[in-house]
Student: 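Structure in structure tokens, see below.
These figures come from a predicted structure and were not determined experimentally. Counting convention: from 1, in listed order, for ligands and their atoms alike.
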Amino acid sequence: MAGFRQELVALFGQPVEENPTQAMIEAAFAAAGLDWRYLTIEVAPDGLADAVLGARAMGFRGFNCTIPHKVAVVEHLDRLSPAAELIGAVNTVVRDGDELAGENTDGAGFLAALRRRRDPAGARVVLLGAGGAARAIGVELALAGAAALTVVNRGAERAHELGTVLGGLVGELRVAELGEGFRAPADTDLVVNATSVGLFPDVEAEVPFDLGDVAGRALVADVIPNPPETRFLREAAALGCETLEGLEMLVEQGRIGFRLWTGAEPDAGVMRAALRRAFANPS
Ligand code: NDP
């Protein structure tokens with residue numbers, strides 16, 4: 001029992017107004033009977049070093065980083081997990097004694113959600129996007145034994161950068177340009193939209209990918225958490241594909257962070273419900 005003193009964790013990012021993580025994590029603290037607080041803090045790029053020093057001085061148990069700090073935070077930490085090292089970005093920081101350790105739970109969260117439906121080992125995957133989320137998911141899929149990965153991105157340069165990261169990790173790797181000319185291999189088991197297309201408020205934006213090529217066969221996943229049921233997933237379901245919402249990835253990466261900070265197991269149902277409420281009633 002900490003008396004009147006609460007344990008603190010936080011989110012550092014800019015902008016942060018739309019970020020629902022506090023609603024999810026504080027609901028889980030309450031359900032677990034923990035007198036902890038999760039603060040949503042706007043930190044400008046030139047304030048990040050001071051913010052990390054402040055977190056150290058005030059004994060924060062850890063913090064999340066979001067845009068634009070996921071890469072920049074690395075130089076302010078004492079060590080990185082192997083996955084964060086490979087991904088080159090950190091979304092979760094954990095205090096361990098006097099040290100701050102950087103983790104990346106985005107890809108691991110996706111994998112945890114996926115594993116409840118399909119075994120990633122041996123999977124043949126089409127990964128749409130080559131930004132931070134795609135990189136985290138690509139690395140974790142490769143480490144989990146995916147047999148083939150096709151990275152498909154609008155910008156060729158970023159696609160090739162990700163291809164270079166994944167090259168030594170996966171048996172079959174292809175890089176392609178996202179657009180009308182791309183055809184998914186007929187034996188694709190999993191398609192992941194890891195672009196930002198479809199994120200609220202641009203909910204009718206269309207991912208330029210022909211789902212007809214994988215109809216009735218592939219599991220189709222989206223990283224977009226809001227809205228949970230994206231246009232891309234609606235179209236996949238109409239074509240007979242099983243679907244996986246980005247909200248599940250968000251819950252799972254939050255569960256991993258909660259465990260790392262508190263050592264306790266959070267209630268996933270409480271976290272999911274809090275997120276759905278937050279998305280239905282944006283502040
Ligand atoms: P980045 O900015 O790093 O990457 C964005 C990606 O989307 C790039 O591949 C970019 O392509 C592509 N893209 C953007 N606009 C278009 C477009 N109009 N047409 C085609 N491709 C496009 O963002 P992140 O990777 O960090 O985040 C991506 C999404 O993932 C966000 O919406 C975020 O909310 C979500 N996310 C979800 C999480 C969850 O837990 N559910 C966790 C983390 C992120 P290009 O390289 O050509 O610009």
Side-chain angles (χ1 to χ4, degrees), residues 11 13-21 23-25 64-73 83-84 87-92 103-114 126-140 150-163 165-166 175-182 191-210 221-233 243-258 268 271-272 274-276 278-279 282:
L11 169 73
Q14 189 181 50
V16 284
E17 272 80 6
E18 306 284 328
N19 194 297
T21 308
M24 170 174 75
I25 298 290
N64 286 131
C65 280
T66 187
I67 290 169
H69 302 317
K70 286 185 178 184
V71 174
V73 76
I87 296 161
V90 162
N91 75 334
T92 302
E103 309 269 347
N104 193 310
T105 64
D106 282 337
F110 176 80
L111 257 280
L114 177 67
V126 171
L127 179 60
L128 310 179
R135 204 170 163 117
I137 290 170
V139 164
E140 295 287 357
T150 303
V151 175
V152 195
N153 195 46
R154 177 179 62 177
E157 197 179 320
R158 238 171 158 190
H160 284 285
E161 269 172 35
L162 180 50
V165 173
L166 297 174
V175 171
E177 220 167 288
L178 185 59
E180 276 181 17
F182 175 75
V191 176
V192 186
N193 174 38
T195 73
S196 45
V197 179
L199 183 66
F200 180 85
D202 297 322
V203 297
E204 285 308 320
E206 202 170 351
V207 179
F209 173 78
D210 189 351
D222 207 324
V223 299
I224 301 295
N226 183 25
E229 192 191 51
T230 57
R231 174 179 179 160
F232 189 62
L233 293 187
T243 62
L244 179 61
E245 295 179 351
L247 186 119
E248 292 304 315
M249 170 181 170
L250 189 55
V251 169
E252 292 299 337
Q253 63 88 15
R255 285 178 76 185
I256 297 168
F258 187 103
M271 295 169 81
R272 193 175 291 115
L275 274 182
R276 286 195 187 277
F279 289 143

Student: Quick one: does ligand 1 sit under 4.0 Å from the side chain of R154, the backbone, both or neither, non-hydrogen atoms only?
Tutor: both

Student: Looking only at protein heavy atoms, identify the closest one to atom 4 (O) of ligand 1 and say how far it is in Å.
Tutor: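 The closest one turns out to be G131 CA, 3.5 Å.
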
Student: Which bit of I224 gets closer than 4.0 Å to ligand 1, counting heavy atoms only: side chain, backbone, both or neither?
Tutor: side chain

Student: Are there protein heavy-atom neighbours of atom 33 (C) of ligand 1 below 4.0 Å?
Tutor: no

Student: Can a protein heavy atom be found under 4.0 Å away from atom 23 (O) of ligand 1?
Tutor: no

Student: Can you tell me which residue and heavy atom of the protein come closest to atom 41 (N) of ligand 1, and the distance to 0.1 Å?
Tutor: V223 O, 2.8 Å

Student: Given T21, D106, L178, which has its nearest heavy atom closest to atom 42 (C) of ligand 1?
Tutor: D106

Student: Could you tell me the residue and atom name of the protein heavy atom closest to atom 5 (C) of ligand 1, and the distance to it rounded to 0.1 Å?
Tutor: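 Checking every protein heavy atom, the shortest distance to atom 5 (C) of ligand 1 gives S196 OG, 3.9 Å.
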
Student: Does any N or O atom in N153 lie less than 3.5 angstrom from one in ligand 1, N or O only?
Tutor: yes

Student: Quick one: nearest non-hydrogen protein atom to atom 26 (O) of ligand 1, plus distance?
Tutor: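 Nearest protein contact, heavy atoms only, for atom 26 (O) of ligand 1 is A133 N, 3.9 Å.
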
Student: Quick one: does P225 get an N or O within less than 3.5 Å of an N or O on ligand 1?
Tutor: no

Student: Counting N and O atoms only, with roles assigned by atom type, does the side chain of N153 sit under 3.5 Å from a partner on the main chain of A130, one being a donor and the other an acceptor?
Tutor: yes

Student: Does V197 approach ligand 1 within less than 4.0 angstrom via side chain, backbone, both or neither, non-hydrogen atoms only?
Tutor: side chain

Student: Please report whether ligand 1 has a polar contact with A130, defined as an N or O pair separated by less than 3.5 Å (distance criterion only).
Tutor: yes

Student: When only distance counts, is T195 in polar contact with ligand 1, meaning an N/O pair under 3.5 Å?
Tutor: no

Student: Would you call G109 a ligand 1 contact, heavy-atom distance under 4.0 Å?
Tutor: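 Outside the 4.0 Å threshold, so no.
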
Student: Is any side-chain heavy atom of V139 less than 4.5 Å from a side-chain heavy atom of L166?
Tutor: yes

